[in-house]
*Asks:* 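Structure in structure tokens, see below.
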Amino acid sequence: MMRSVITGSGSALPRTVLTNAELAERVDTSDKWIVERTGIHQRYIAQDDETTSSLAIDAARKALDAAGVDASEVDLIVLATATPDQTFPATATTVQHALGCNGGIAFDVAAVCSGFLYALATADSMLRTGMARRALVIGAETFSRILDWEDRTTCVLFGDGAGALVLEVQDVAGDGPGILSTRLHADGAHTDLLYVDGGPSTTQTVGHLRMKGREVFRHAVVNLAEVLGEVLDDAGFTACDIDWVVPHQANARILDATARKLGLPAEKVIITVDRHANTSAASVPLAFDTGVRDGRIKKGDLVMFEAMGGGFTWGASLVRL
Ligand code: ACO
């Protein structure tokens, strides 16, 4: 059976850490409020010489290295971002050129915090239908560039970073590795709850992120629990079979609530929101790579990726490593 198999991962963070205490010197907030409401202690912020593409390139190189794959063997790059270097060309093409694998397919996907799930599903479909053989699936963001640094309700929540996976199509046995099932959803009725108030077609500015956090929180817990159930049913597994949940890192309380709804012990959830904050499309592959590199996530494990973000968009994917 032809499946898309994860053969390597990598991640990258900007050089500079911004702690809650440092943020409290800029806006009316406190380390106590941020930690209690979100679980975030610090985030990484890109400097002027660090961009979405530079972080993506760094993460992609590490993923290729981990997979033992030469960049010339990559014929598909799908990059999820809501903070591209430029309106166009796609940041994926900048990454492709820097890696030296020109000529294959390269494009960006925009689904905000669910972007990585959308990119993974797109690459998986293209690999299994024979359009490409070896893909880089990247989530990369510089959300610090679209934050209103005077709005304490949003600026404390986000950070910058990138994560990448190498995905290769392989003929595997039924119980072998690969992406087992994926579900994606979108509901455009709630754009007013989470959006950027600018864009080329409306204001001709980049704009700033705006969010009604409490309402987003409510939708996130319900939508994520539903989609996780769908993906498990599709693949014929139950929550008890999962070795690791690698969730979008928006808020430690959402992660706890979702794990509780699934009946999963907290120890099976990879959490990086404390160090990275919410890095939007980068957060799932960044958390995955963190779990792989510290030795928790291993070959043969059953891993659940899940995310929910602006749009709303949400999705989940069950993968055997
Ligand atoms: N420091 C101190 N006080 C603050 C801060 C801050 N940084 N921010 C807000 N407050 C205050 C508010 O003004 C409010 O005060 P009031 O009661 O006097 O009006 C109080 O704290 C409570 O505010 P709430 O917004 O109700 O706080 P809540 O407990 O809901 O936590 C949070 C806010 C952390 C944003 C939470 O709602 C959340 O995480 N929501 C989900 C976000 C999310 O999942 N996003 C996912 C996708 S992101 C993407 O797609 C880009």
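Atoms within a ligand are numbered from 1 in the order they appear, just like the ligands themselves.
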*Asks:* Find all atoms of ligand 1 within a distance of less than 4.0 Å from any non-hydrogen atom belonging to Ala250, and give their numbers and elements.
*Replies:* 43 (C), 44 (O), 46 (C)
*Asks:* Protein heavy-atom contact under 4.0 Å for atom 29 (O) of ligand 1?
*Replies:* yes
*Asks:* Looking at Ile242, is its backbone amide N or carbonyl O close enough to the side chain of Lys268 to form a donor-acceptor pair, meaning the two atoms are under 3.5 Å apart?
*Replies:*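 Yes.
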*Asks:* Hey, quick one: are Leu157 and Leu147 part of the same hydrophobic cluster, counting side-chain heavy atoms closer than 4.5 Å, chains of contacts allowed?
*Replies:* yes
*Asks:* Using a 4.0 Å cutoff against the non-hydrogen atoms of Thr38, which atoms of ligand 1 qualify?
*Replies:* 34 (C)
*Asks:* Take atom 19 (O) of ligand 1 and look for protein heavy atoms under 4.0 Å from it; say yes if you find one, no if not.
*Replies:* no
*Asks:* Tell me whether ligand 1 is touched by Ser280 - counting only heavy atoms on the residue side and a distance under 4.0 Å.
*Replies:* no
*Asks:* Against heavy atoms of Cys113, which atoms of ligand 1 measure under 4.0 Å?
*Replies:*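 Taking each heavy atom of Cys113 in turn, ligand 1 has 47 (C), 48 (S), 49 (C), 50 (O), 51 (C) under 4.0 Å.
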*Asks:* Is there a protein heavy atom less than 4.0 Å away from atom 14 (C) of ligand 1?
*Replies:*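 No, no protein heavy atom sits under 4.0 Å from atom 14 (C) of ligand 1.
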*Asks:* State the atoms of ligand 1, each with its element, that fall below the 4.0 Å cut-off from a heavy-atom position in Val156.
*Replies:*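 Reading through ligand 1 atom by atom, the close ones are 7 (N).
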*Asks:* Looking at Thr51, Thr52, Asp85, Thr81, which one forms a side-chain hydrogen bond (donor to acceptor under 3.5 Å, both in side chains) with Thr142?
*Replies:*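 Going through Thr51, Thr52, Asp85, Thr81 one by one, the side-chain hydrogen bond (donor to acceptor under 3.5 Å, both in side chains) with Thr142 is satisfied by Thr52 alone.
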*Asks:* With under 30° as parallel and over 60° as perpendicular, where do the rings of Phe305 and Phe288 fit, or are they tilted in between?
*Replies:* perpendicular
*Asks:* Please indicate, with yes or no, if any protein heavy atom is found under 4.0 Å from atom 48 (S) of ligand 1?
*Replies:* yes
*Asks:* Hey, is Arg253 one of the residues with a heavy atom under 4.0 angstrom from ligand 1?
*Replies:* yes
*Asks:* Give the atom numbers and elements of ligand 1 that come within less than 4.0 Å of a heavy atom of Leu194.
*Replies:*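 That gives atoms 47 (C), 48 (S), 49 (C), 50 (O) of ligand 1.
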